[in-house]
Amino acid sequence: MASSTTARYDGLADWYDAKYVAGAEPHQPGLLELLGPGSGPCLDIGCGTGRNFETIRASGRNVVGVDFSADQLRLARSRTDGPLMVADAATLPFADESFDTAMVMWISTDVDDFAQVVREATRVLRPDGVLVVYGVHPCFNGPHVVWNEDGSRLIHPSYRRPGWHEESPYWGDGIRRHVGMHHLMLADYLNAFLTTGLTLERFEEPDTRGVPHSLAARARRST
C-alpha cells in the first residue's frame, strides 16, 4: 500500500505470497485477541494478498479489503468472495461512519503519512467502532537495525533519520530490499493516534521473540 502514484508491490505478489503468506500460521500473534468478537464488515486496510482474512472471519466479521496494489489483490481474491478494491489508505473511498471495525495492517512503513492513514481509518469508523493497527515496531525493526543470529538486535543512530530509506546495508533479501521503507520514530508513531479523537485501549508487542519486531494497538472511536 502506498500513497504515491506507483504501487510498489505490483509485480511482487507471487514472490511475496510464497515468502510470507503461503503456509504461514492461520493467525498472526495476538491479532484475533486484539480484534475481539464482533460482527458485520471489517475493513482490512493494506490487506495485501489476504494474510488476515481468516482471522477476520474467525472473529465473526466479514472481509472488506483495500490495497494500493492490484497485483496483491489478484491473489487476495482467492481467499475471499467479499469486496476488494484498489484504494489509497490516505483517501479511503468510503463515507464517514461506514464500518464498525477497521484494521491498518503492516503499512506504516509503506505510506508517506501514517498519521493521515490513522485519521482516515478513524473517519470511516462508526461511533464506538474498533480500530486495530498492527505492524513494524519502530524501535526494533527498520533501516537502523541489524538482526543478529542469536536473536539480539543492534540499533544504529540512523533511528533518528525518519522518512524514506530506499536501501540499508543491514537488509537481507526480504521485502525491504525490493521496495524500501518509510521509517517512523516511536514518538511519531504514537503521536499519529493523538489527532484522531480515538480512545486508546491497549498497545501490544505481540510476537514471542525476545526482541519484538511488531507493535500493535487497539483503539475505539469515541461516541
Side-chain angles (χ1 to χ4, degrees), residues 1 16-17 19-38 42-61 63 65 67 72 76 79 89 99-111 114-115 117-118 121-122 125 129-148 150-155 159 172 174-176 181-194 196 198-221:
M1 197 105 177
Y16 180 90
D17 199 70
K19 188 173 181 67
Y20 296 109
V21 181
E25 292 295 323
H27 309 299
Q28 295 196 60
L31 179 58
L32 186 57
E33 291 77 14
L34 282 165
L35 278 173
C42 172
L43 179 62
D44 187 350
I45 303 169
C47 67
T49 64
R51 169 73 173 85
N52 298 299
F53 292 170
E54 186 172 342
T55 302
I56 292 171
R57 289 188 289 263
S59 77
R61 299 172 173 90
V63 172
D67 200 278
Q72 296 272 302
R79 296 186 168 107
F99 297 92
D100 289 320
T101 314
M103 310 191 312
V104 176
M105 299 301 301
W106 293 106
I107 62 171
S108 65
T109 51
D110 295 310
V111 296
F114 176 62
V117 170
V118 177
T122 305
L125 278 179
V130 170
L131 174 65
V132 171
V133 179
Y134 194 118
V136 164
H137 199 302
C139 298
F140 306 122
N141 191 346
H144 55 290
V145 177
V146 179
W147 296 50
N148 296 320
D150 65 359
S152 64
R153 312 277 171 86
L154 177 63
I155 311 299
Y159 169 78
I175 188 62
R176 296 304 151 203
M181 181 177 187
H182 190 274
H183 169 55
L184 286 173
M185 295 189 296
L186 180 62
D188 294 331
Y189 183 96
L190 298 176
N191 285 333
F193 293 91
L194 300 183
T196 60
L198 289 168
T199 299
L200 289 162
E201 296 186 340
R202 60 198 287 196
F203 282 97
E204 297 282 351
E205 295 169 312
D207 52 273
T208 58
R209 310 176 208 206
V211 180
H213 81 293
S214 57
L215 180 63
R218 176 186 165 101
R220 192 175 295 274
R221 180 168 178 177

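- Between Val133 and Phe114, the closest side-chain pair of non-hydrogen atoms falls below 4.5 Å.
- Proximity of Gln28 to Pro206: side-chain heavy atoms (C-beta onward) are nowhere separated by under 4.5 Å.
- Between Phe193 and Ala217 the shortest heavy-atom distance is CZ-CB, 4.1 Å.
- With sequence neighbours excluded, the residues satisfying side chain to side chain donor-acceptor pair (under 3.5 Å) with Thr55 are His27.
- Here the rule is side chain to side chain donor-acceptor pair (under 3.5 Å) with Arg218, and of Glu204, Glu33, Glu201 only Glu201 fits it.
- Counting heavy atoms from C-beta on, the side chains of Tyr189 and Val136 never come closer than 4.5 Å.
- We find that Arg221 and Asp100 are not joined by a salt bridge, their nearest charged nitrogen and carboxylate oxygen being 4.0 Å or further apart.
- Using a 4.5 Å heavy-atom cutoff, the side chains of Val111 and His182 are not in contact.
- Contact of the Phe140 side chain with the Arg209 side chain is not registered, since no non-hydrogen atoms from C-beta on lie closer than 4.5 Å.
- Nearest approach of Cys47 to Asp67, heavy atoms of both residues: N-OD2, 3.5 Å.
- For the pair Val118 and Val104, the minimum side-chain heavy-atom distance is 4.5 Å or more.
- For the pair Pro29 and Asp207, the tightest heavy-atom approach, listed with the atom from each and the gap, is CB-CA, 4.1 Å.
- For the pair Asn141 and Thr109, the minimum side-chain heavy-atom distance is 4.5 Å or more.
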